[in-house]
Amino acid sequence: MSDDIIYSAIIDEHYEEPRNFGKIEDPDEDIMETNPTCGDTIAMYLRLGDGKIREIKYVARGCLISVASASILSERVSGKDVSEVLKMSKNDILSYLGLDLGPAREKCALLSYDALIKMLRKYEKEAKK
Amino acid sequence: MSDDIIYSAIIDEHYEEPRNFGKIEDPDEDIMETNPTCGDTIAMYLRLGDGKIREIKYVARGCLISVASASILSERVSGKDVSEVLKMSKNDILSYLGLDLGPAREKCALLSYDALIKMLRKYEKEAKK
Amino acid sequence: MINMFDPLEIRKHFPIFERFQRDGIVYLDNAATTQKPSEVINAIVNYYENSNSNVHRGVYRIGEEATDLYNRSRENIARFIGGTPEGTIFVRNATEALNLAASSLTRMLGGEGEVLVTRMEHHSNIVPWQIASSVSGIRLRMMESHTDRPLKWEDIEKDITGKTKIVSVTHVSNLLGTINDLREVGKNLHDLGIIFIVDAAQSVPHMPVNVNDLECDLLAFSGHKMLAPSGIGVLYGKPELLDRMPPYMGGGEMIKEVFEDHFTAADIPEKFEAGTPNIEGAIGLSAAVDFLKNLGMDNVRNHEKDLISYTLRREQEMNMPSLISYGPRDPEVRGGIYAFNIRKKDGGDRPFGNEVHPHDISHLADRIEGVELRSGHHCAMPQTVSLGVYATARASFYIYNTRDDVDHLFDVIGKIERRMIK
Amino acid sequence: MINMFDPLEIRKHFPIFERFQRDGIVYLDNAATTQKPSEVINAIVNYYENSNSNVHRGVYRIGEEATDLYNRSRENIARFIGGTPEGTIFVRNATEALNLAASSLTRMLGGEGEVLVTRMEHHSNIVPWQIASSVSGIRLRMMESHTDRPLKWEDIEKDITGKTKIVSVTHVSNLLGTINDLREVGKNLHDLGIIFIVDAAQSVPHMPVNVNDLECDLLAFSGHKMLAPSGIGVLYGKPELLDRMPPYMGGGEMIKEVFEDHFTAADIPEKFEAGTPNIEGAIGLSAAVDFLKNLGMDNVRNHEKDLISYTLRREQEMNMPSLISYGPRDPEVRGGIYAFNIRKKDGGDRPFGNEVHPHDISHLADRIEGVELRSGHHCAMPQTVSLGVYATARASFYIYNTRDDVDHLFDVIGKIERRMIK
Ligand SMILES: Cc1ncc(COP(=O)(O)O)c(C=O)c1O
Ligand SMILES: Cc1ncc(COP(=O)(O)O)c(C=O)c1O
């Protein structure tokens with residue numbers, strides 16, 4: 001892992017052109033999460049079906065790390081089984097970024113993950129009923 | 001000055017036989033003071049007239065230092081002018097004891113002095129009206 | 001580091017013992033506060049010299065280091081008492097912990113109901129409830145407790161009424177040394193829907209304490225009584241309860257967002273930590289925890305049990321009629337605390353009686369023999385008054401004390417008696 | 001000790017500068033917290049190694065030494081701000097000072113009336129009043145304040161109503177750097193019978209402050225922002241007012257006597273200091289005060305005025321359209337605080353705009369050049385939001401900073417712009 005947010009090509013690429021950016025009208029789940037440390041905000045939307053993530057979109061205003069990690073996350077989970085995504089750990093997310101982040105910036109990186117997991121847990125709980 | 005409460009003859013003498021110990025019935029001024037540090041309590045009584053301390057008595061339950069200093073103080077101020085006594089400083093009192101006390105024990109030594117000064121101030125204020 | 005539990009070896013870690021040796025000081029006021037080992041001092045100095053910065057919001061290097069040190073300190077301290085980091089709130093001391101609890105719980109409960117404490121509580125577990133009841137409908141009730149044996153569930157049970165919402169008791173009495181028997185209490189109180197608070201200021205430093213075994217909802221202790229700096233302490237709470245409790249102080253760090261007319265609170269534990277915390281205090285407390293873990297809390301307890309047994313034996317051997325001491329005689333239920341008075345039994349000729357004032361005891365003990373004792377009501381006036389006295393002198397032990405120190409204590413007690421009771 | 005005001009000489013007193021030099025760190029987060037000189041570190045270590053014990057009640061040698069150190073620290077700190085020892089209450093930080101004020105005054109006033117604060121307050125001077133108003137009839141009102149000039153009496157006067165009981169304002173804004181003009185305010189408020197509180201967290205460390213000149217009733221500041229440890233701060237109050245205010249926390253030290261159903265409070269300042277205080281914190285703060293007195297607070301202020309002038313000049317010379325900064329431009333009314341953003345004026349192609357997030361600024365400033373900046377709302381959300389942004393990056397100076405440091409700052413700002421705004 002490298003500490004270099006200065007020259008990280010992957011972060012830059014996602015920051016400049018975030019994947020799956022935008023809104024889903026009439027989503028199956030949606031959520032708004034804020035990082036109190038910096039005021040970063042993400043609104044995330046899911047279309048779900050057959051236990052899979054059919055579509056994921058988000059609108060974020062945030063930093064390099066939080067925007068890029070939302071973008072990377074959205075690519076990784078699109079089309080995946082909900083149960084499988086729920087098995088992903090925080091460390092998995094951090095390793096996708098390929099950066100060694102301090103505790104403050106970890107919160108930025110995990111904002112989208114936290115939002116996603118909250119929605120999926122809610123979805124699973126409702127599915128069980 | 002000596003630090004020796006261990007062998008101070010003057011302290012011992014006053015502790016074993018405190019002067020002016022007791023109550024005055026129908027005093028001109030009286031007061032009850034407590035040292036929150038140790039719970040030491042002194043009740044002090046004055047008979048006043050012509051601007052002088054005609055009689056001073058006290059009932060104390062306390063330590064070597066507070067009992068001895070009340071006794072020594074009572075001897076020193078008996079018959080004195082109120083105005084003169086009000087000019088006595090804390091350091092005067094401490095020097096009468098002949099001990100070099102730490103801050104905690106200073107409070108013990110000054111309990112009777114504080115009680116006396118409060119009564120005399122009140123007396124002077126009323127006299128002025 | 002330290003293998004055998006040897007107080008003389010342990011002393012080598014405490015720089016102040018150089019002075020104690022030089023000046024012939026026997027420090028026996030550990031229930032008031034304890035000394036600091038180099039390990040704790042160095043952790044603090046090291047922080048100042050390398051990573052000093054504010055926590056939580058810095059995304060620069062030393063800010064991250066400080067945050068990391070602070071968070072890891074919290075985790076370490078949480079683990080030490082079997083708790084979780086989010087349930088471990090940093091406060092100034094046990095007193096603030098109990099004030100936080102009293103203020104926040106009172107509001108949570110809508111200012112109604114009854115709080116039950118014992119007569120053996122420290123003022124810190126009395127006055128906060130008195131303040132709470134002066135501003136709300138919460139009522140404080142003080143149950144009787146025995147001075148010669150531990151409090152048990154049955155003692156508490158008798159005093160519970162339909163109105164009882166909170167029971168807050170000390171784990172170990174700082175005056176009597178009693179180790180209360182709190183097994184069963186948590187479970188039984190929870191069956192009744194009552195909140196259970198433990199003042200652990202005198203237990204966490206001296207014996208293994210586990211919040212799960214205690215089944216307590218909240219637990220309070222101070223760092224300075226366990227080798228750490230003053231200015232740092234802990235309120236531990238069950239996360240589910242802390243989540244429901246309203247914030248205590250407001251300000252930086254404890255908020256998510258602040259608007260003109262309202263704020264949203266941060267998650268626990270930050271919700272209860274307003275403003276810049278005592279960062280080096282937390283780091284120092286964590287280093288103290290490491291030191292104690294290294295010794296083993298079982299060993300700490302056994303060592304103090306040995307000292308109090310020896311103390312009670314020496315007292316008996318002295319057979320000094322004017323020496324009166326308090327608390328249970330069974331070392332199994334007694335911490336390393338020994339409170340006493342010197343009093344000529346048959347009154348005397350002095351107009352104020354022949355009791356040696358505890359202040360004189362501790363002053364003389366220091367001047368004659370360098371034995372450092374505390375005297376006064378030890379912030380436990382209701383208990384002190386119930387003993388029929390205004391004050392006591394108190395010796396209290398810790399990991400660096402020895403049987404030799406106890407011998408010094410009884411030496412000086414003998415000398416004081418000869419000096420004061422003629 | 002230090003004769004000429006020379007930051008490079010001053011640095012020699014700060015052990016952490018060895019690390020800063022080694023790692024190429026330029027520390028510009030002094031409004032968050034400051035570094036500690038050896039004089040402060042040594043005062044604390046010396047206390048641990050020689051006199052560590054509890055204060056107030058010990059009548060033995062080291063207990064007296066600790067009490068004496070604690071009391072003399074209080075006197076020294078009181079003198080530094082022109083106050084009296086009994087009006088100088090030790091608290092954890094400015095946040096606790098303001099919470100104490102809000103809670104106690106609310107009760108003293110019977111939970112009625114209005115508190116006026118400005119939009120530029122730190123959360124510590126907003127949230128405590130919001131909490132107070134959630135439990136009583138006290139109402140918080142936030143008056144508008146300008147971002148480009150100091151607050152004056154006339155600004156406050158406009159907002160006062162018959163209900164106003166308290167006006168609580170910051171002396172120096174921690175976001176804009178504005179030094180508010182508080183002459184006249186105290187006198188005028190007192191004529192109206194209104195209590196005047198000053199949040200001096202950003203002034204006491206940086207300029208001469210005298211509570212008599214300010215004519216304030218209460219004043220709050222934190223030690224860690226003025227070379228002292230964290231975990232210690234001061235609420236200064238006029239003794240006549242403090243005497244009338246009910247106690248905040250309850251417990252040891254703050255009582256005269258405790259009975260089953262009530263207590264009597266100690267005199268000030270002890271009345272407001274419950275439990276074992278942060279003794280070494282007080283000693284450290286006193287050592288910090290000595291250090292600052294030695295430098296001369298006028299010199300401290302002049303040095304920072306020079307740095308902020310230079311900063312504003314450098315900014316102008318840079319002529320970088322994407323660089324936006326906040327606060328008054330006149331160095332006479334501006335402390336050593338520089339908050340800014342980097343934003344491409346004409347929007348951009350990224351879906352979320354072309355503003356460089358302040359977190360990225362401070363992360364990159366650290367990684368590219370070792371320049372340590374804070375980013376976020378700086379606990380001043382209402383003011384931040386009023387600037388039309390969610391966050392800013394902030395540099396803040398102290399006695400050990402130089403024009404060279406400012407040059408580093410603008411270097412890195414240039415590099416970040418080139419890196420982020422393509
Ligand atoms: C103006 C102002 N007030 C209050 C505070 C709160 O200080 P502390 O976190 O030390 O309580 C700060 C610190 O950032 C401040 O700048
Ligand atoms: C049982 C008990 N509770 C609470 C306290 C208060 O501790 P602190 O002064 O550190 O808040 C003490 C300290 O004497 C104590 O012994």
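Order of the sequence lines fixes the chain letters, A, B, ..., with proteins taken first and strands second; residue numbering starts at 1 for each chain. Heavy-atom basis, side chains included; hydrogens, waters and symmetry copies ignored.
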Quick one: what part of C:Ser51 sits under 4.5 Å from any heavy atom of chain D, side chain, backbone, both or neither?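 Both backbone and side chain.
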From [X] atom [atom1] to [Y] atom [atom2], the distance as rounded to the nearest 0.5 Å:
{"X": "D:Met249", "Y": "C:Leu100", "atom1": "CE", "atom2": "CG", "value": "7.5 Å"}
{"X": "D:Cys379", "Y": "C:Glu253", "atom1": "SG", "atom2": "CD", "value": "5.5 Å"}
{"X": "C:Glu96", "Y": "D:Glu96", "atom1": "CD", "atom2": "CD", "value": "5.5 Å"}
{"X": "D:Lys36", "Y": "C:Tyr47", "atom1": "NZ", "atom2": "OH", "value": "7.0 Å"}
{"X": "D:Tyr60", "Y": "C:Ser375", "atom1": "OH", "atom2": "OG", "value": "9.5 Å"}
{"X": "C:Met381", "Y": "D:Ile255", "atom1": "CE", "atom2": "CD1", "value": "7.0 Å"}

Against chain C, work out which of D:Leu140, D:Asn99, D:Val117 has the most heavy-atom pairs shorter than 4.5 Å and name it. D:Asn99
Mind ranking D:Asp261, D:Ile131, D:Val371 by heavy-atom pairs under 4.5 Å with chain C and telling me who comes out on top?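 When all of D:Asp261, D:Ile131, D:Val371 are compared, D:Ile131 has the most.
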Examine distances only and state if a side-chain atom of C:Gln35 and a backbone atom of D:Asn52 form a donor-acceptor pair shorter than 3.5 Å. yes
With respect to chain D, which residue among [options] yields the maximal number of heavy-atom pairs within a distance under 4.5 Å?
{"options": "C:Ser230, C:Gly275, C:Gly231", "result": "C:Ser230"}
{"options": "C:Ile232, C:Ile62, C:Val135", "result": "C:Ile62"}
{"options": "C:Asn30, C:Leu373, C:Asn50", "result": "C:Asn50"}
{"options": "C:Glu372, C:Glu257, C:Met142, C:His262", "result": "C:Glu372"}

Where [X] and [Y] come nearest, the two heavy atoms and their spacing:
{"X": "C:Ser124", "Y": "D:Gly252", "result": "OG-N, 3.8 Å"}
{"X": "C:Arg92", "Y": "D:Val91", "result": "NH1-C, 4.0 Å"}
{"X": "D:Ala32", "Y": "C:Asn54", "result": "O-ND2, 3.1 Å"}
{"X": "C:Val45", "Y": "D:Ile41", "result": "CG2-CG2, 3.9 Å"}
{"X": "C:Pro128", "Y": "D:Gly250", "result": "CG-O, 3.5 Å"}
{"X": "D:Val127", "Y": "C:Gly251", "result": "CB-N, 3.6 Å"}

Do NZ/NE/NH1/NH2 and the carboxylate oxygens of [X] and [Y] come within less than 4.0 Å?
{"X": "D:Glu64", "Y": "C:Arg367", "answer": "yes"}
{"X": "C:Glu65", "Y": "D:Arg19", "answer": "yes"}
{"X": "C:Glu260", "Y": "D:Arg141", "answer": "no"}

Could you walk me through whether C:Glu18 and D:Glu49 satisfy the side-chain contact (heavy atoms from CB on, under 4.5 Å) test, starting with their C-alpha distance in whole Å, then the side-chain angles of each, then the deciding distance to 0.1 Å, before giving a yes or no? CA-CA 8 Å; C:Glu18 275 176 43; D:Glu49 299 194 345; over 6 Å; no
Assess the residue pair C:Ile44 and D:Tyr48 against the criterion (side-chain contact (heavy atoms from CB on, under 4.5 Å)); give the C-alpha distance rounded to whole Å, side-chain angles, the decisive distance to 0.1 Å, and a yes or no. CA-CA 11 Å; C:Ile44 296 167; D:Tyr48 287 147; 3.8 Å; yes
D:Thr95/C:Thr276 under side-chain contact (heavy atoms from CB on, under 4.5 Å): CA gap, chis, key distance, verdict: CA-CA 8 Å; D:Thr95 301; C:Thr276 303; over 6 Å; no
Using non-hydrogen atoms only, which part of [X] is less than 4.5 Å away from chain C: side chain, backbone, both, or neither?
{"X": "D:Arg139", "answer": "neither"}
{"X": "D:Phe17", "answer": "neither"}
{"X": "D:Arg107", "answer": "side chain"}
{"X": "D:Arg22", "answer": "side chain"}
{"X": "D:Ile25", "answer": "side chain"}

In sequence, state the C-alpha distance, the side-chain angles, and the governing distance for C:Val385 and D:Phe259, and then conclude on side-chain contact (heavy atoms from CB on, under 4.5 Å). CA-CA 9 Å; C:Val385 168; D:Phe259 304 96; over 6 Å; no
Which class fits the ring pair C:Tyr248 and D:Tyr248: parallel under 30°, tilted 30 to 60°, perpendicular over 60°? parallel
Should C:Val258 and D:Pro382 count as side-chain neighbours, where that means a heavy-atom distance under 4.5 Å? yes
